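Remember, it's a predicted structure, so these values are computed and weren't measured experimentally.
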Amino acid sequence: MSNPAVPPRSLAEALRARDDASLAALLRARPDLITPVPTDLTQLATRAGTRASVVRALERLDRFALQTAEALAVAADPAPYEELLALLTGDGDDPAVSAALPRALATLREQALVWGDDDRLRLVRTARELLAPSPQHPSPTGLGPTVQEATVGMSPGRIQDIVTATGLGSTHDAVSAVASLTALFKERERMSALLDGLPEESREVLTRLVWGPPYGQVTADPAAHLRRLLDLGLLVPTAPGTVVLPREVALHLRGGRAHRAVEPLPPAVEPAATHRPQVVDATAAGQAYTALATVEELLKDWDEGGPAVLRAGGLSVRDLKRTAVALDVAEPVAAFWVELAYAAGLLASDGEADERYAATPAHDEWLEQPAAQRWARLAEAWLTATRVSGLVGGRDAKERTLSTLGPGLDRSAAPEVRHRVLTLLAGLPEGASPSRESVLARLRWERPLRGPQREDDLRSRLAEWTLAEAELLGVTGRGALSGHGRALLGATAPKTPDRVPQGPGDKLPVHHRPAVAEPLSPAEQTAASATAARLLAPLLPEPLDHVLLQADLTAVAPGPLQRSLAEVLDVLADVESKGGATVYRFTPGSVRRALDAGQSASDLHAFLAAHARTPVPQPLTYLIDDVARRHGHLRVGAASAYVRCDDDALLNEILADKRAAGLRLRRLAPTVLAAQADPASLLDGLRAMGFAPAAESAEGDVLITRAHARRTPPRTAPEPVPDGPPIPDATLLSAAIRAIRAGDLASTTPRRQTDRPPPATGELPRTNSAETLATMQAAVLTGEALWIGYVNAEGSASQRLIAPVRVEGGFVTAYDHTADEVRTYPLHRVTGVAELAEEA
């Protein structure tokens, strides 16, 4: 084990000095390190330094932590704390930076991106390579290479000329000359005097390069003011026609700062407007009810079978437009509702040969739930879904158009961004709605883009879509988070830190407030959704059991109707307008639709009388009686098709009508006409002529035509695409840390010296079978522990520290210190054995 008094010489030694809580924080912050569980701390350190893992960790830093890492990348290696602080504050003193730096440094240490004591801070090599300035990958600081790096390849004579031109004495070699020049550029007084002697044109050139990019172009015969800079080494040629401003010169011109603007504190989310919380909740509840009605209408529209599935998957543009017209919304909004119903498991493809979208059996169960619970299911599905409807209409990497319900819409960052945006809203006073710009600025601070900032970056677009979708769904009202929306977040609100570093010497493990809220576990989210439904339920309007009938053959529903009433009224009348009140219009066609569904005229009269708060208007009574009197007077059956009627005069009227020519009718008997059209076309043709025919079966009975609901086989909701490995729970962390500690003990315990050369680090011990058996038997007698190499049945090799108890039948039973339990191992899978040193 490492001595705490001795500074660590590597990241592995620094990890070895950590306690279990600190290791758990590392594995929780970087879950990719635990998949699979490392065999020891050396392997954990190696994995923490791989490029893919370091890139992922850097992308999850907030802006100030990233700026701290960038400053370390341009500092000396190792760098003292004071040098790092100077690079962030410059010549002046910035209390905010001084106060925030210990926290940022603790974050970098916790995530194993920085190791070492405060007097010897080291950035992980891979992170330094990613963040240090280079011609191929400019540093976000805008700094260039050091004098030493820029003069590599320059002739010693040329270096001596530069040293002489600056007034320094010549040296015996180029290395000392570069060191002397570097010392000059770092000394403020002498450097200021050197710059004061430059002409104004030369200083303007340096000003243009000081904040980056540090590279410039010169001709083969540069002007006098450029030649002066080259002679003094203030510009160094790196390639024909290209010069660079050395890092030491730029830092002097910047006043010692590595960044033009340091942002130690996150920008505040500014409220744009404030409303009474009761108004916000009422507005959100009204929109929640509208969301439920829209989803129900969508699924009702697809009840008998929805649009066909494209060959590549998803809806066609034409079907999306038709759905948008049916819902009376814009196409992007229609795409959102379709994707939401899909995410909630309420619709899916039926899987038939002629594949179409339809409602699932879960839709029928959903309809039976109370309104608040139905909304909570939609809201929970939206909050956790990785499919993003805002991408519909865009292009994928292969320039293919992204379609609704099609592939390519999953974005693993979507749930985290939704949670974070709503958490920011929850941090505002109740009833306050944020400004869009402040929300986007906060998100960019929490997850800054490495490289040039783009206004159309994915996280910003996800945030904008979240604000719009939350309003559509009723999570927010008037832009402010509602009470039930706040409950939907559950425990996602950021927690206050228990401890923070108080200064550069505080090296205790720090569990600081996460910059980004983590999504809830499934059980926690279910409980939060139930709470949100309970808060929303009293705010939703109660369904009505009546309508208001008017003399112009319309009915007004002043609010939401009970389901049974709405279903009958949808058949009996056509919806004319929607809004706070729905207007239905009775027409001959709608009344005939109700009669076709098996209702009689007396049934319709009784229904209206029971559910109308006003007297049934006489025109509506006449309309029902008139349509019912003629309904079924004509009968259409299958010949190809035929028409029969007891009134031969009516058949004569049909034959004489020119509009019947396309039906190609002929009289078979005084009361029967035959047609060459199919029954459905014949029914439609006669109805277009103003008649009210009824279909009949082969036995002569009237056929009652009802809509046949089409359902898919049982389907599960689509699984969200994970954003990397899941965060390990406490049980997994405890087991993993115990295994890593035991494996590290096995790999670091001293071995007894033998004539055989010791295995290299990470290699398994090698002994023949006879020596392995003899050593095992001797250890049983003496009770000593052994270090063995073992290969399991899957071919995975590991090192283990065991105390043999019994050796028989080709197996060894031993207490395994690595697994902290008694195990039995086949001897033929033991690669070798080594005795431990006496002091072990």
Can you tell whether the side chains of R629 and D626 come within less than 4.0 Å, N to carboxylate O?
yes
Evaluate the criterion side-chain contact (heavy atoms from CB on, under 4.5 Å) for residue pair L292 and T290; output intermediate values, then yes/no.
CA-CA 5 Å; L292 291 176; T290 301; over 6 Å; no
So, the side chain of T554 versus the backbone of Q550: is there a donor-acceptor pair under 3.5 Å, distance only?
no
Check: M689 main-chain N/O paired with R659 side-chain donor or acceptor under 3.5 Å:
yes
Test your reading of the model: is there a side-chain donor-acceptor pair from T531 to the backbone of A527, 3.5 Å cut-off?
yes
Hits for ring pair (Phe, Tyr, Trp, His ring centres under 6.0 Å) against F607, two or more places apart or cross-chain, chain-then-number order -> H611
Side chains of L315 and L310: closer than 4.5 Å at any heavy-atom pair?
no
Hey, are R420 and E416 close enough for a salt bridge, meaning a charged N less than 4.0 Å from a carboxylate O?
no
My understanding is that only residues two or more places apart in sequence, or in another chain, count here; which of them pass ring pair (Phe, Tyr, Trp, His ring centres under 6.0 Å) with W337?
none
Roughly how far, to the nearest 0.5 Å, is OH of Y289 from OG1 of T294?
10.0 Å
Give a yes or no answer on whether the side chain of S403 reaches the backbone of S316 with a donor-acceptor pair at less than 3.5 Å.
no
What I'd like to find out is whether the side chain of L481 reaches to under 4.5 Å of the side chain of L489, using heavy atoms alone.
yes
Y357 (side chain) donor-acceptor with G314 (main chain) under 3.5 angstrom
yes
Check each of R478, R486, H484 against S482 using the side-chain hydrogen bond (donor to acceptor under 3.5 Å, both in side chains) test, and report the only one that passes.
H484
Do the charged groups of R459 and E464 touch, with an N to O distance under 4.0 Å?
no
Between R593 (side chain) and V571 (backbone), is there a donor-acceptor pair under 3.5 Å?
yes
Hey, are the side chains of V475 and L422 touching, using non-hydrogen atoms and a 4.5 Å cut-off?
yes
In this structure, which one of D552, L608, D625 forms a side chain to side chain contact (heavy atoms under 4.5 Å, CB included) with L620?
L608
Is there a donor-acceptor contact under 3.5 Å from the side chain of S460 to the main chain of L440?
no
Would a distance-only check, ignoring hydrogens and angles, find a side-chain to backbone donor-acceptor pair under 3.5 Å from R630 to G690?
yes
Do any N or O atoms from the side chain of S681 and from the backbone of A677 form a donor-acceptor pair under 3.5 angstrom?
no
So, using side-chain contact (heavy atoms from CB on, under 4.5 Å) as the criterion, who are the partners of P543 when residues are at least two apart?
Q562
Is there a side-chain contact between P415 and L383 in this structure, where contact means two heavy atoms from C-beta onward sitting under 4.5 Å apart?
no
Just grab all the salt bridge (Lys or Arg N to Asp or Glu O under 4.0 Å) pairs involving residues 337-352, residues at least two apart or on different chains.
E339-R387, D350-R710
A side-chain contact here means heavy atoms from C-beta on lying under 4.5 Å apart; do L553 and T587 qualify?
no
For R356, all residues meeting salt bridge (Lys or Arg N to Asp or Glu O under 4.0 Å), sequence neighbours excluded:
D354
Taking only residues at least two apart or on different chains, which pairs with a member in residues 366-383 satisfy salt bridge (Lys or Arg N to Asp or Glu O under 4.0 Å)?
E296-R374
Working to the nearest 0.5 Å, report the span between CG of L488 and CD of Q525.
5.5 Å
W375 side chain to L473 main-chain N or O, any donor-acceptor pair under 3.5 Å?
yes
